[in-house]
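See structure below.
Naming: A, B, ... by sequence-line order, numbering from 1 per chain.
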Protein chains: 2
Amino acid sequence: MPRPRSLTHDQLVAAALAVIDREGLAGLSMRAVAKELGVSTMGLYRYVDDRDELERLVVESVLGAVDTTPPPADAPWQERVATMVRRLRDAVGARPGVIPLTVTHRHRSPGVLRWSETVLGILDDAGFAGARRVVALRALLGYLIGALQLEHLGPLSGAGTATLAALPSADFPHLADTAHHAHEVGADEEFHGGLDILLRGLAEARG
Amino acid sequence: MPRPRSLTHDQLVAAALAVIDREGLAGLSMRAVAKELGVSTMGLYRYVDDRDELERLVVESVLGAVDTTPPPADAPWQERVATMVRRLRDAVGARPGVIPLTVTHRHRSPGVLRWSETVLGILDDAGFAGARRVVALRALLGYLIGALQLEHLGPLSGAGTATLAALPSADFPHLADTAHHAHEVGADEEFHGGLDILLRGLAEARG
DNA sequence: ACCTGAACACCGTTCAAGT
DNA sequence: ACCTGAACACCGTTCAAGT
């Protein structure tokens, strides 16, 4: 007689996120998650094949939360793409601790697939087709992935800026100068400035 | 009387790369590197503070190999930037196994600083100044980092493409269509196509 | 001084046993 | 059927000891 399962995937994910919030990603372990749930370590294996699957569930709970309904079609396509990019950025920005996990598990995420589907629809409306549309999507995804990592693990902000300012300005004159301007530019401006550059280039490359 | 050290950092790095090449990044451990060198595990700690420093040395040997001498100044600035981007991509592409390590250690790499210095010089020539130059550099770095990860860990190429083609095309019509075109587009075209979009946008945003 | 091996505090996971 | 604890094969790193 099958007893009802006492745990849900959502509970596993919530426990894992609690561990990550409290002890950082390095503190994430099967033992820690089990303790968080008040369950034996091996109890987790009834709900999950291995650690890899637990990580996948965590990533999906973050990326799957992104709103992938198409933005209002009366806005210009650039604005609609920007909306989609912003939604994904906001979701990841709310949980920066999982960024290293998204790097490894992104390619199996249904949430990212849904996001890509919506963005491709917008690009289609904008007149992108065939190989050109493939390249456009990849350019957007590439920028998004890299920019998020720069933003949250990056060199020009936070502790990195101090390091940069201490550089021998004889060897790195431009970098030293840039360090001064860097802290005038907030993370939001920086991200959207780069996105803007990309969107301008897309408009030109639309053919 | 100080005996001469029997190992150099270069030897440590070479051993670490040999382990990564043979067993993948997951196989990299202090024990494995020590065995590769025919030395006790703890022997490594005479040359390196901890595993983190070993990883940093590996990353620097890859990123530090990039040629950062400014490309000939008679070429258009877009072409010079493209050259710098290509150089970094080629260096990382030659050692894709270390990409996850570059994610974590990039911000402390002198090689990346030298690269950035050269790129900033080109952007300076092109008329970018102040905050605009900061944003331009970050956009390039963001794309580069993200695109390299997409290329080597990504969804649209390799195994991912097969997964994509198997998608329920009712739910993901654009994605299914894109999967068909995806394998017409090689990794090089894809990368350079995205870079081209970015450079066009930069030219427009130069103001 | 340089290098070693045992030991400690962790991992993820297998397996036999409990209810 | 669901859950547990002991055990195994790994980690990185500390520490006392060898030459």
Handout entry: Full working for salt bridge (charged side-chain N to carboxylate O under 4.0 Å, His left out) between Arg56(B) and Asp49(B)
Key = CA-CA 11 Å; Arg56(B) 231 174 53 222; Asp49(B) 273 351; over 6 Å; no

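Considering every non-hydrogen atom in both Val66(A) and Ala91(A), the closest pair reads CG2-CB, 3.5 Å.
A donor-acceptor contact closer than 3.5 angstrom links the side chains of Thr69(A) and Asp67(A).
A donor-acceptor pair under 3.5 Å is formed between the side chain of His9(A) and the backbone N or O of Tyr47(A). No donor-acceptor distance shorter than 3.5 angstrom exists from the side chain of Asp52(A) to the backbone of Glu55(A), with no hydrogens or angles considered.
The side chain of Ser6(B) contributes no N or O atom lying less than 4.0 Å from OP1 or OP2 of dC2(C).
A 4.5 Å side-chain heavy-atom check between Val135(A) and Glu189(B) finds every atom pair outside the cut-off. Counting heavy atoms from C-beta outward, Asp125(B) and Trp77(B) have side chains that stay 4.5 Å or more apart. Thr8(A) is listed as a side-chain neighbour of Gln11(A), based on a closest heavy-atom distance under 4.5 Å.
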Practice task
Could you run through nucleotides 6-15 of chain D and give me one letter per nucleotide, 5' to 3': B if any protein heavy atom sits under 4.0 Å from the base, S if only the sugar-phosphate is that close, - if neither?
Solution key: -B---BBBB-

Fill in the blank from the handout: Under the rule of Watson-Crick or G-U wobble with both distances under 3.5 Å, where | means paired to another strand and [ ] a crossing pair, DNA chain C maps to ||.|||||...|||||.||

